[in-house]
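Residue numbering restarts at 1 for every chain, and letters A, B, ... go by the order of the sequence lines.
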Amino acid sequence: MKPRVACVDGVELLMDYLEGTLAPEEREAIESHLFGCPRCTAFIESYRQTPRILRAATAASLPEDLAESLRRFLASRR
Amino acid sequence: MPSRFSTWLFRIATNAALMHRRARARRPAESLEACLPRFDGDGRHAAEPADLLAASRADELLDRKLLAEKARAGLERLPDIYRDAFVLRDLEELPTAEVADLLGIDAAAVRQRVHRARLMLRGYLGELMGVKP
């Protein structure tokens, strides 16, 4: 019999689930909850998008003085 | 100079700066603990699906410059150990094993720290979108 899983359990194990480090039985139990739960489906989507959003946002957010000195450095290397 | 190289260099500089913020004497007063997801007594998400999804649209709906400022502010509000792991794993996109080597911890600890950082930052993005965690 599969262990009963609630949203809180799925969230706790989400990273391990996404990285594929869970035992098969645990993975199956998490999947049967996560994909039948609209709240968890929405949560997973936002959890998965978070690193991408932060990566894109911080890539363009270098302070202007540092950006300028890097531009000069890059120009000097041409 | 290939643009990929300059993009890479900019990212390295930004992330190095973020990691070195830990050397500052003063820490921001407010952490991101309050941005962690909330559950009811049965362990179900307390928020509705639309609110739980909101963070994923932050880059579509928020002004790009504002999001860039808020993203850096959010990263600074992470506890040091979570920020370092997140920067290396999710911003630098290093493999978990490599992050573990760099930080001198095991892979399970890396996953745990990155997970906590993602949870906090996800809630923070949702907060920027006007929803509760």
Side-chain angles (χ1 to χ4, degrees), chain A residues 3-23 26 29-30 33-78, chain B residues 1 5-7 9-11 13-15 17-18 36-37 39-40 42-59 62 64-65 67-72 74-75 86-87 89-93 96 107-108 111-112 114-126:
Chain A
R4 190 171 173 274
V5 171
C7 302
V8 66
D9 306 310
V11 168
E12 200 54 46
L13 296 172
L14 189 52
M15 173 116 188
D16 290 329
Y17 170 74
L18 294 173
E19 290 234 326
T21 58
L22 291 179
E26 212 167 14
I30 295 290
H33 172 81
L34 293 182
F35 297 106
C37 173
R39 285 179 166 83
C40 282
T41 303
F43 184 88
I44 292 171
E45 176 62 14
S46 59
Y47 178 92
R48 292 179 79 143
Q49 294 297 327
T50 294
R52 180 190 61 75
I53 293 170
L54 268 292
R55 198 159 48 242
T58 55
S61 65
L62 199 64
E64 192 47 43
D65 55 340
L66 185 51
E68 184 50 38
S69 74
L70 274 170
R71 280 187 206 105
R72 282 199 299 272
F73 168 75
L74 290 169
S76 74
R77 304 275 296 180
R78 285 189 179 126
Chain B
M1 182 73 55
F5 175 72
S6 57
T7 303
L9 189 57
F10 269 55
R11 182 182 297 284
T14 306
N15 294 338
L18 281 166
L36 290 170
F39 303 93
D40 66 17
D42 293 325
R44 283 182 301 212
H45 282 289
E48 295 296 323
D51 285 348
L52 290 165
L53 192 58
S56 64
R57 303 194 63 201
D59 57 340
L62 296 177
R64 196 174 152 186
K65 193 174 171 190
L67 180 59
E69 287 168 9
K70 295 289 186 184
R72 290 178 62 198
L75 286 166
F86 181 83
V87 165
R89 175 67 179 77
D90 280 351
L91 300 189
E92 297 292 354
E93 298 183 277
T96 299
R111 286 195 295 275
Q112 193 265 342
V114 173
H115 180 57
R116 294 288 289 182
R118 286 181 185 176
L119 291 178
M120 289 179 180
L121 290 167
R122 182 208 150 274
Y124 174 71
L125 290 177

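With hydrogens and angles ignored, the 3.5 Å screen pairs a side-chain donor or acceptor of B:His115 with a backbone N or O of A:Val11.
Here the closest heavy-atom approach between residue A:Ser46 and residue B:Ser56 is recorded as CA-CB, 3.7 Å. In this structure, A:Pro51 and B:Asp90 approach most closely via the heavy-atom pair CG-OD2, 3.5 Å. Heavy atoms only, all atoms of each residue included: A:Phe43 and B:Pro37 are closest at CE1-CB, 3.8 Å. The minimum heavy-atom distance between A:Ala57 and B:Ala68, with the atom names listed, is O-CB, 3.6 Å.
Heavy atoms closer than 4.5 Å to chain A are found in the side chain of B:Phe86, but not in its backbone. Interface remark: B:Ala108 contributes no atoms to any contact with chain A (heavy atom separation under 4.5 Å). For A:Thr21, the part sitting under 4.5 Å from any heavy atom of chain B is the side chain, from C-beta outward, and nothing else. At a 4.5 Å heavy-atom cutoff, the contact between A:Arg52 and chain B is made by side-chain atoms alone. For a residue to count as touching a neighbouring chain, one of its non-hydrogen atoms must lie under 4.5 Å from one of that chain's; by this rule B:Leu67 touches chain A with backbone and side chain alike.
Judged as a salt bridge (charged side-chain N to carboxylate O under 4.0 Å, His left out), the pairs with a partner in residues 45-56 of chain B (not counting sequence neighbours) are, in order, A:Arg39-B:Glu48. Within the structure, salt bridge (charged side-chain N to carboxylate O under 4.0 Å, His left out) pairs that include any residue of residues 6-21 of chain A comprise A:Asp16-B:Arg111, A:Glu19-B:Arg89 (at least two apart or interchain).
Between atom CZ of residue B:Arg116 and atom CE of residue A:Met15 there is a gap of 13.5 Å, rounded to the nearest 0.5 Å. Atom CZ of residue B:Arg122 and atom CG of residue A:Leu54 lie 12.5 Å apart, to the nearest 0.5 angstrom. Taking SG of A:Cys7 as the start and CZ of B:Arg44 as the end, the distance is 7.5 Å to the nearest 0.5 Å. B:Leu121 contributes atom CG, which lies 10.5 Å from atom CD1 of A:Ile53 (distance to the nearest 0.5 angstrom).
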List the steps and the verdict of side chain to side chain contact (heavy atoms under 4.5 Å, CB included) for A:Val8 and B:Asp42. CA-CA 9 Å; A:Val8 66; B:Asp42 293 325; over 6 Å; no
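Contact tally against chain B (heavy-atom pairs below 4.5 Å) for A:Gly10, A:Cys40, A:Cys37: the top residue is A:Cys40.
Annotation: side chain of A:Arg55 is in contact with side chain of B:Glu93 (closest heavy-atom distance under 4.5 Å).
Side chain to side chain, A:Thr50 and B:Arg118 fail the donor-acceptor criterion of an N or O pair below 3.5 Å.
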